[in-house]
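What's counted below: heavy atoms across the whole structure, side chains too, no hydrogens, waters or symmetry copies. Each chain gets a letter, A, B and so on, in the order the sequences are listed, and its residues count up from 1.
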Amino acid sequence: MALRSVATCPRSLRRFFSTSGFGFPPRPAAPQPREEAEPSTNLFVSGLSKRTTTEKLREAFSPFGEVIHARVVTDHVTGYSKGFGFVRYAKIEDAAKGIEGMHGKFLDGWVIFAEYARPRPQPPSPQNSGYAN
DNA sequence: GCTGAGCGT
C-alpha cells in the first residue's frame, strides 16, 4: 500500500539542473595551458628512446652548455625509461642553446623534443614554512 | 620492455 511513495521525485529540485543555464561551472580554471613554460635552467626532454639513459642524455646536451644535472625518468617499479627526462643547465642561456641545438634532433634513433620544464609544486618544509613554535 | 604522448625518483 504505502510503498509507492519512494519514487516521488521532487520536481522543484530538478529545475535547478535542467532549466538553468548554469548547471556546472563551464570552465573551473586553466592554470596550465600546456604550452611552453617560462625560460629556466630546467629542461624537459621527451621523445627519448626507451634505451636512452641518463648519461646518454647528459652527453647529448653537454656540448651546448654546462649541464648541472640530467635525468631520464624511469619507472620505479620496472626501472625502465618512461621516454622522457630532464636536463638542468648552469645558465638559462645554456638551456636555450641546449634546446636550439637538440630540439628535433635524433637520439638513439628517435627524434627528441627539448623545451623548458614546467615549475612543479614545491613540498612545504616544516622547518621553514613560516610557522614558529 | 612493448603500444610513443608526455612534466620527475
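- Sequence order on DNA chain B of the closest nucleotides to A/Ala37 and A/Gly83 puts A/Gly83 first from the 5' end.
- A/Lys82 has its NZ atom 13 Å from the C1' atom of B/dA5, to the nearest Å.
- Side-chain atoms of A/Thr78 lie closest to B/dG1 of the nucleotides B/dC7, B/dG1, B/dG8.
- Looking at every heavy atom in both residues, A/Ala95 comes nearest to A/Ser40 through CB-O, 3.3 Å.
- Between the side chain of A/Ser81 and the main chain of A/Thr74, no donor-acceptor pair closer than 3.5 Å is present.
- At the heavy-atom level, A/Leu48 lies under 4.0 Å from base atoms of the strands shown.
- Regarding A/His76, its NE2 atom lies at a distance of 19 Å from the P atom of B/dG1, rounded to whole Å.
- Within 4.0 Å (heavy atoms only), A/Gly47 reaches at least one base atom of the nucleic acid.
- If you take CG of A/Asp75 and P of B/dG8, they are 13 Å apart, rounded to a whole angstrom.
- Taking the side chain of A/Lys50 as heavy atoms from C-beta on, and the options B/dG4, B/dG8, B/dC7, the nearest nucleotide is B/dG4.
- Taking the side chain of A/Asn42 as heavy atoms from C-beta on, and the options B/dG6, B/dG8, B/dC2, the nearest nucleotide is B/dG8.
- Aromatic ring pairs are classed by plane angle as parallel below 30°, tilted from 30° to 60° and perpendicular above 60°; the pair A/His103 and A/Phe113 is perpendicular.
- When atom types are taken as modelled, the side chain of A/Tyr89 and the backbone of A/Phe61 share a donor-acceptor pair closer than 3.5 angstrom.
- Across the protein-nucleic acid pair, A/Ile112 atom CD1 and B/dG4 atom P stand 20 Å apart, rounded to whole Å.
- Sequence order on DNA chain B of the closest nucleotides to A/Phe84 and A/Tyr80 puts A/Tyr80 first from the 5' end.
- Residue A/Phe113 contributes atom CZ, which lies 11 Å from atom P of B/dG6 at whole-angstrom precision.
- Counting only heavy atoms from C-beta on, A/Ser46 has its side chain closest to B/dG6 among B/dA5, B/dG8, B/dG6.
- Residue A/Thr74 is in sugar-phosphate contact alone, with no base atom involved, counting any heavy-atom pair closer than 4.0 Å across all strands shown.
- Side chain of A/Lys97 to main chain of A/Glu93: no donor-acceptor pair is present (N/O by atom type, distance under 3.5 Å, no hydrogens or angles).
- For the pair A/Arg120 CZ and B/dC7 P, the computed distance is 13 Å after rounding to whole Å.
- Rounded to a whole Å, the CZ atom of A/Phe86 is 4 Å from the C1' atom of B/dG8.
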